[in-house]
Each structure stands twice: as structure tokens, then as C-alpha cells.
Amino acid sequence: MDGVLSLNRKLFKHHWPPFLNKTPFTTHAHFVDKSLLQPLSSLQCGAILQSLTNIKWLTKGQQLHAYIIVSGNIQNNTYLTTKLAAFYANCGHMTDAQVIFDGIVLKNSFLWNFMIRGYACNGLPVKALVLYQQMSCFGQKADKFTYPFVIKACGDFLNVEMGRRIHGEAVHSGFDSDIYVANSLLAMYSKFGDMWTARMVFDRMPVRDITSWNTMISGYVKNGKPKEALTIFYLMKQTGSSSDGMTLVGLLCTCADLAALKQGKEIHGYVIRNRYALCMDFLMNPLIEVYFKCNSMVYVRRLFEKMAWKDTVSWNSMISGYARNNYAFESLSLFCRMIQEGAKPDQVTFISVLVACDQITALQFGMSVHSYLVKNGFGATTVVATALIDMYAKCGNLACARRVFCETPEKNLICWSVMISGYGIHGMGREAVSLFHEMIKNNIIPDEGVLTSVLSACSHTGLVAEGKEIFYTVTKDYDVEPVLAHYSCMVDLLGRAGHLDEAYKLIQTMEINPSSDIWAAFLNACRLHRNVEMAEISAQNFFDMNAKQVGGYICLSNIYAAEKRWDDVERVRTLMREKGLTKPPGCSFVEFDKMVHQFLVGDKSHPQIEDIYAKLRQLNHLLKEVGYKPDTSSVLYNVDEETKENMLWDHSERLAIAFVLINTGPNTIIRITKNLRVCRDCHTVIKLISKITCREIIMRDIRRFHHFRDGFCSCGDYW
DNA sequence: CTAGGGTTAG
């Protein structure tokens with residue numbers, strides 16, 4: 001490889017005409033100063049063009065193109081025009097390549113292949129396939145160079161039917177025994193998700209090389225079959241085939257999938273020991289993934305800090321890894337460091353950052369990311385727009401979410417889905433339902449994901465009839481298999497609306513086995529409608545499933561506490577402890593002055609804590625004057641009323657609200673986020689605070705948003 | 001002129 005490259009460079013230098021070293025011309029003929037020209041033969045031009053093609057030096061090639069035009073060499077010179085088309089195709093400038101290609105009458109197979117390759121390797125598989133069909137119309141036969149590119153195009157375009165046909169043609173013409181053709185077939189079937197056929201092609205290959213083995217390993221990994229990937233690796237070792245860096249990439253992805261920390265570390269050690277023989281840069285990024293999937297935050301950080309060479313993907317892996325593992329603060333601070341250190345963020349970076357913003361409701365941060373995107377010309381692609389819509393919706397700014405949604409010209413299924421669930425979590429079920437119908441009118445075929453979004457929107461608003469209708473028509477008309485998430489939404493919808501019997505009947509008649517989530521949803525409905533008898537049935541089912549969600553346990557203890565059955569409360573608690581489950585402490589976030597402030601329940605660590613408690617005492621006093629009576633039913637301890645009442649005033653959301661009230665002017669909207677469900681008493685208190693302080697309070701709890709204004713909440717006390 | 005890599009929203 002190195003030899004080839006240096007040879008080309010030499011050739012390059014030798015033939016280099018002086019005018020090319022002048023100012024870089026960006027466009028063609030009229031920029032060339034004719035006095036500087038020294039005559040070059042078309043053979044010389046062709047040789048230079050060849051080297052420029054190999055190293056993809058676009059600007060120099062364009063200058064040479066200009067020279068060729070000016071010097072009159074281009075007329076009727078198929079030799080040069082073919083090379084020019086190949087040059088543009090190799091640089092990915094397919095429009096230029098196509099213009100030249102169209103002007104060539106005698107097209108040889110070299111030219112066809114280069115054009116097909118150009119389209120296939122530059123994200124235009126459909127054009128590659130069209131060209132391939134034209135090629136056979138022109139009577140030009142496909143050869144062993146043509147097949148790898150058309151097969152790649154079929155794989156990228158996911159055109160299974162055409163892929164199979166071309167495979168057949170290759171077999172018919174005998175080119176399938178060519179190792180490049182066979183390897184492309186392996187990659188194509190992997191992309192189709194058809195590992196069975198890939199394996200069949202692989203098993204029938206007369207000879208295999210490292211690429212064949214590596215393609216099979218990564219194919220299995222991409223299709224969620226890490227165990228089969230390992231089998232191929234062992235087979236590879238047995239046959240004595242050597243492996244390379246790419247093999248290790250495949251193995252690392254396998255380790256990540258299986259959360260195999262030990263094996264991942266072994267490979268890490270191997271890479272370090274062989275760092276001079278391997279190209280390490282590739283391997284560090286998949287290693288980051290392994291450590292993240294194994295929840296090894298310490299290893300991941302140590303590895304990252306030691307990496308001398310970090311590219312955009314390294315930063316992205318870290319930022320998205322932290323975000324996926326709920327380390328939003330680390331994710332955002334790493335993003336800031338990335339910008340400071342001058343690394344170049346891309347689309348993936350922004351999507352990951354916006355996900356981190358969702359988690360801690362960092363609206364201001366998310367907005368500044370949005371403006372960074374606009375300023376730096378990252379034209380909002382649908383993916384980025386979708387992440388923005390989700391961020392705005394989850395950070396409580398539905399108006400901005402709607403605006404980005406409307407300004408996105410090409411909305412895909414996920415884009416609609418995000419907006420629908422955005423309406424849902426803000427309690428705007430009717431808007432969600434009508435958007436869902438609008439989506440269908442726009443010929444978007446619903447899938448199970450968007451069905452979950454719209455059903456959950458119905459359940460937040462109690463739209464029983466609408467939810468039922470959508471559930472039954474979508475699963476029937478669009479061939480969507482109902483999954484647990486849908487039943488969960490339906491049980492929640494029916495149960496919370498008070499149709500406990502119907503919800504129970506649905507659980508009993510559903511076609512898949514109910515999960516613990518479903519029993520938890522039913523349990524919650526029983527709590528709301530204070531049906532202890534039904535609650536105990538669902539609790540029994542919930543416990544039988546050996547469930548790990550704390551929510552169900554807390555819900556049941558709440559039910560017992562409300563009935564003052566303290567022995568039962570204690571029994572549930574013990575059960576929780578035995579399972580090693582703990583109730584996470586209540587925690588609220590608030591973004592203020594470019595910082596996210598975090599308050600735990602009963603937190604005394606904040607610098608302004610004395611002022612905060614003073615404010616809360618004052619509020620308590622004011623609230624009592626307007627008739628507030630504390631509802632201590634959600635306190636799960638059997639203690640006297642006064643202690644219970646004091647415990648309520650320790651709740652994290654109150655601390656956060658008091659903090660904002662102290663530090664902001666009268667018209668500022670208060671935005672807070674809580675990690676658990678808001679308790680009934682806090683809900684009442686916040687409604688009253690919004691009234692007596694004339695403040696709008698927007699609160700996100702674990703399930704949805706509550707917009708408090710003038711003593712009322714947007715959820716209509718239905719949550 | 002040929003094939004295989006890592007990060008991605010509900």
C-alpha cells in the first residue's frame with residue numbers, strides 16, 4: 001500500500017506542470033492564464049489525471065480539466081474524457097462525472113465500472129443500479145469489477161429482490177467464485193439481515209481471506225447475533241487464518257453486545273501489547289463502547305483521557321455513552337470541553353447532547369445548542385430536527401417543539417412520533433390524536449412505536465374512546481402486532497379512567513403474557529380508585545413475577561398507607577429490601593444562571609438553604625391562610641401528623657421552587673424536573689403557590705408535565 | 001478500478 005502511494009507521488013511530481021502550483025482555481029477554463037501554459041501531450045495529461053484520481057485531489061484535477069479544455073485536447077479524445085469521468089467519479093463529484101460520461105460515445109467497461117462505483121460509494125445506490133441496467137442495455141457485459149459495486153448498491157438500497165437476481169447472474173456467469181464478488185455478497189446479505197444466506201455463500205466459498213471472515217463476524221454482530229460471531233472467530237482460529245485490526249473491531253462489538261468486560265479487557269491488553277503492529281486509532285473507539293456497555297465508567301474515562309488521538313467519533317462515543325447511561329452532566333461537560341479543545345462536532349454529537357439535555361431538562365443549554373446549530377450552518381436534517389423537537393418537548397417548551405416540527409420539511413415516522421408523544425406528556429391528548437390522523441393522511445404507515453406514543457397520549461388525558469378506536473384499527477389495518485407496551489398503555493388508559501373491570505378483562509384476554517409493567521399500571525389505577533381488593537390481586541401477580549421495578553412496591557405501600565395498614569406497609573418494605581431494591585431519594589432539578597441545580601429530599605447542602613427554608617415557612621403560612629390542609633396520605637411512615645407534615649415540606653420540588661422564587665423576578669416561569677412522581681400534597685401546594693405568587697410553574701415528573709397557573713394544573717388533577 | 005470498521009432521535 002505504502003509502495004503504491006509513494007510511486008504515485010513520484011509520478012505526480014515528475015509530470016507536474018508549473019501553472020498548477022499557482023493560486024488554486026476553483027472553476028474551469030476562464031481562470032487559466034494562457035501565457036503560463038506549457039504544452040502537455042494527452043498521454044501526459046492522462047498520466048497526471050490517473051495519479052490525481054488515485055489520491056482524490058479534486059482542485060488540482062479541476063485545474064487540469066481546465067487546461068485540457070483550453071489546450072483543445074478534449075475534442076474527440078475518448079482516452080482523456082474517460083479518465084476525466086473516472087476522476088470526478090472517484091472524487092465523488094457525480095454530476096460532473098455524469099456530464100462527461102454522457103458525452104462519451106464509446107463507453108468501455110472501465111468507464112461503466114468507475115461510474116457505478118462512484119454512485120455506489122457516494123451514497124447513491126439507486127443511480128448505481130440504474131446505470132447497471134443501462135449498461136446491459138448497451139450490450140456491455142458485467143465483469144468481476146462490476147459485481148462488487150452493484151452488489152454493494154443493492155445492500156445499501158436494501159433491494160433484496162434485485163440483490164438476489166444479481167447474485168444469480170453472478171453465479172450464472174461464473175463470477176461468484178471471485179473472492180471480491182463473494183465478499184460483497186456476504187456484506188450484502190448481512191445488510192439484508194439474512195445471515196442464513198450469507199452463511200451459505202460463505203460455506204461454499206472455495207477460498208476465503210481475512211475480509212471474508214471479518215465480514216461474517218461483523219455481519220453477525222450487526223444482526224444481534226454475538227454468539228454466532230464468536231463461533232466464526234473460533235472457526236477462523238482453527239483454520240489457521242490470521243486476523244487483523246478489523247477482526248478485533250468485530251470482536252470488540254461482540255464484547256459490547258454481550259457486556260463481556262473480561263474479554264474486552266483482554267483485547268484491550270492485546271491491543272496495547274501490539275500497538276506498533278496494529279492501527280490503534282480504530283480500536284479505541286469500539287473499546288469505549290465495550291466499557292460503556294459494561295457500565296465501567298472508571299475504565300472508560302481512564303481510557304479516554306489516555307487516548308492521544310481523539311477524533312469526532314471518540315468524543316461522540318463518550319458523549320452519547322454518558323447520555324445513554326444517565327450521566328447527563330458528564331455528557332454535557334464533555335461536550336463543552338470538546339468545543340473548547342477545538343474538536344469538530346457533527347450531527348451525532350448534537351443528537352447525543354440533546355438527549356442529555358432531555359434527561360435533566362436543561363432547556364437553556366438545549367436552546368444554546370439549537371442556536372449553535374443555526375449559526376454554524378448545520379442545516380437541520382430530519383434527524384437533528386427530531387432530536388430538537390424531543391428536547392423541547394421534554395424540557396417543557398412545547399411551543400418551540402411545535403415550531404421546529406412545522407419547519408421540518410421532510411418528516412419521517414419518528415419525527416411525527418416524537419411530536420405526538422410531546423403532546424401526550426403535556427396532557428394535550430386531543431392534539432396528539434389529531435396529529436396522529438394527520439400523519440396517516442400524509443401516507444406515513446404507523447408502526448408499533450408511534451402507536452405507543454399516541455396510546456400513551458390518550459391515557460394521559462383519559463381519552464378512552466379515541467384510544468380504544470386507535471388501538472383496534474391500527475393493529476388490524478396496518479398489521480401491527482400489539483406488544484406489551486400497547487397493552488400497558490391500554491390498561492393505564494382504562495384503569496385510570498375508572499374502568500377497572502374492563503382493564504382487568506383486557507389483561508386476562510390479551511394474547512401475550514402480561515408483564516410486571518402491566519400489573520404495575522393496573523396497581524396504580526387501583527390506588528387512584530382506592531380499590532384495595534383489586535389492588536391485592538394485581539400486587540400478588542406483580543410479586544409472582546419477581547419484578548424489579550421499585551414503582552410497583554412504592555405504589556402498593558401507598559395503597560396500604562392510605563388505609564393505615566402499617567403492618568402491610570412494613571411487609572412490602574421488607575420484601576423490597578429482600579430483593580435488594582431501594583426507593584431512590586426524591587430529587588429535583590432546576591436550571592438557573594447557566595447551571596443545573598440539584599435538590600435532594602431534605603437537602604441541606606445548598607449554599608442558600610437557610611433562605612430557602614425561610615421562604616418555605618412563609619409559603620406554608622400563606623397557604624394555610626387560604627385554607628390549605630396538608631394531605632399526609634403519601635407519607636409512608638407511621639408517625640404523628642406533625643412529623644408527617646414537616647416531612648412533606650422537605651420534598652425536593654418545594655426546595656427547588658423556593659430557590660427559584662428567591663432568585664428570580666416576578667414574571668419568570670419556574671421550570672423544575674423531578675425524578676419521581678409528584679405526590680398529591682405537593683401537587684396541591686404547587687397549585688396554590690402558582691396562585692398566590694402569580695407565577696407559572698412548569699414541572700416534569702417521571703411520567704408527564706404539569707403546567708401550574710393561577711391555582712390550576714394542566715393535568716386537571718388527572719395523573 | 002475491485003470487498004470489511006466505530007458514534008445516530010420515538
Side-chain angles (χ1 to χ4, degrees), chain A residues 50 53-54 83 86 89-90 108-118 120-121 143-149 151-152 155 175 178-188 190 209-219 221-222 244-253 256 279 281-290 292 311-321 323-324 345-352 354-355 358 381-391 393-394 412-422 424-425 446-454 456 485:
Chain A
Q50 180 76 63
T53 304
N54 293 336
K83 287 230 182 290
N90 209 37
N108 60 15
S109 66
F110 171 89
L111 181 59
W112 283 105
N113 291 344
F114 240 115
M115 286 298 289
I116 293 173
R117 180 175 96 141
C121 297
D143 60 18
K144 66 169 183 169
F145 294 107
T146 322
Y147 282 114
F149 306 129
I151 292 169
K152 180 185 162 55
F175 286 118
D178 182 89
I179 196 154
Y180 287 94
V181 177
N183 286 345
S184 323
L185 284 169
L186 299 181
M188 180 186 79
S190 305
D209 62 4
I210 294 189
T211 302
S212 326
W213 293 100
N214 290 350
T215 308
M216 284 306 283
I217 293 175
S218 70
V221 174
K222 277 185 208 140
D244 63 1
M246 217 62 82
T247 321
L248 294 179
V249 170
L251 285 181
L252 284 172
C253 297
C279 178
D281 298 339
F282 275 49
L283 289 161
M284 290 301 134
N285 293 335
L287 254 172
I288 292 178
E289 282 308 300
V290 174
F292 268 125
D311 64 356
T312 302
V313 175
S314 320
W315 287 99
N316 288 354
S317 300
M318 289 299 289
I319 292 169
S320 81
R324 272 180 287 138
D346 67 2
Q347 192 171 281
V348 179
T349 321
F350 294 115
I351 293 168
S352 312
L354 291 171
V355 169
D358 295 350
T381 55
T382 305
V383 221
V384 172
T386 306
L388 277 171
I389 296 165
D390 204 29
M391 181 278 291
K394 286 191 177 141
N412 60 20
L413 179 61
I414 297 169
C415 195
W416 286 91
S417 180
V418 165
M419 193 64 230
I420 290 169
S421 67
I425 55 175
D447 72 347
E448 57 172 74
V450 72
L451 182 58
T452 311
S453 300
V454 70
S456 115

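Quick note: numbers below take in every heavy atom, side chains included, and nothing from hydrogens, waters or symmetry partners. Order of the sequence lines fixes the chain letters, A, B, ..., with proteins taken first and strands second; residue numbering starts at 1 for each chain.
- You'll find that the side chain of A/Phe149 is closest to B/dC1, out of B/dC1, B/dG6, B/dG4.
- Whole-Å rounding puts the A/Ile351 CD1 to B/dG10 P distance at 10 Å.
- Closest to the side chain of A/Glu289, from the set B/dT7, B/dA3, B/dG4, is B/dT7.
- Using a 4.0 Å heavy-atom distance criterion, A/Ala387 is classed as making no nucleic acid contact.
- Contact annotation: side chain of A/Ser417 to base of B/dG10, donor-acceptor pair present below 3.5 Å.
- Relative to the side chain of A/Lys394, the nucleotides B/dA9, B/dG10, B/dG4 differ in distance, and B/dG10 lies closest.
- Under the side chain to side chain donor-acceptor pair (under 3.5 Å) test applied with A/Asn183, the options A/Asp178, A/Thr211, A/Asp209, A/Thr215 reduce to a single match, A/Asp209.
- Under the stacking definition used here (centres under 5.5 Å, planes under 30°), the residue A/Phe145 fails to qualify as stacked on the base of B/dT2.
- In the set B/dG10, B/dA3, B/dT8, B/dA3 carries the atom at the smallest distance from any side-chain atom of A/Asn183.
- Cation-pi contact between A/Lys83 and A/Phe114: absent, since separation from the ring centre below 6.0 Å together with deviation from the ring axis within 45° is not met.
- B/dA9 atom P lies 14 Å from atom CG of A/Leu388, rounded to whole Å.
- Checked against side chain to side chain donor-acceptor pair (under 3.5 Å), A/Ser320 has the following partners two or more places apart in sequence or in another chain: A/Arg324.
- The nearest whole Å value for the distance from the CG atom in A/Asn316 to the P atom in B/dG5 is 18 Å.
- A/Asp390 comes within 4.0 angstrom of the backbone, heavy atoms only, and of no base.
- If you measure from atom CG of A/Asp178 to atom C1' of B/dT2, you get 8 Å, rounded to the nearest angstrom.
- Regarding A/Leu287, its CG atom lies at a distance of 13 Å from the P atom of B/dT7, rounded to whole Å.
- Note on A/Val450: a base of the nucleic acid sits closer than 4.0 angstrom, heavy atoms only.
- Computed from coordinates, the A/Leu186 CG to B/dT2 P distance equals 19 Å when rounded to whole Å.
- The side chain of A/Thr386 lies closest to B/dA9 when the candidates are B/dG4, B/dT2, B/dA9.
- Below the 3.5 angstrom threshold, one finds no donor paired with an acceptor across the side chain of A/Asn214 and the base of B/dG5.
- Picking from B/dC1, B/dG6, B/dA9 the nucleotide with the shortest atom distance to the side chain of A/Asn412 gives B/dA9.
- For the pair A/Glu289 and A/Leu252, the minimum side-chain heavy-atom distance is 4.5 Å or more.
- Contact of the A/Asp390 side chain with the A/Leu354 side chain is not registered, since no non-hydrogen atoms from C-beta on lie closer than 4.5 Å.
- With distances taken from any side-chain atom of A/Ser320 to the nucleotides B/dG10, B/dC1, B/dT8, the minimum falls on B/dT8.
- Looking at A/Met246 and A/Ile210, their side chains never come closer than 4.5 Å, going by heavy atoms from C-beta outward.
- In this structure, A/Ser317 reaches the sugar-phosphate backbone alone: every heavy-atom distance under 4.0 Å involves primed, P, OP1 or OP2 atoms, never a base.
- In this structure, A/Arg324 reaches the B/dT8 phosphate: one of its side-chain N or O atoms is under 4.0 Å from OP1 or OP2.
- Residue A/Thr211 places a side-chain atom within donor-acceptor reach of the base of B/dA3, judged by atom type and a 3.5 Å distance cut-off alone.
- Between A/Leu283 atom CG and B/dT7 atom P there is a gap of 13 Å when expressed in whole angstrom units.
- Nearest nucleotide to the side chain of A/Lys222, out of B/dC1, B/dG6, B/dA3: B/dG6.
- Comparing B/dG10, B/dT8, B/dA9 by their closest approach to the side chain of A/Val355 singles out B/dA9.
- Rounded to an integer number of Å, the gap from A/Asp209 CG to B/dT2 P is 14 Å.
- Side-chain contact between A/Val313 and A/Val348 is absent, with no heavy atoms from C-beta onward closer than 4.5 Å.
- Looking at the side chain of A/Leu413, the nearest of the listed nucleotides B/dG10, B/dA3, B/dG4 is B/dG10.
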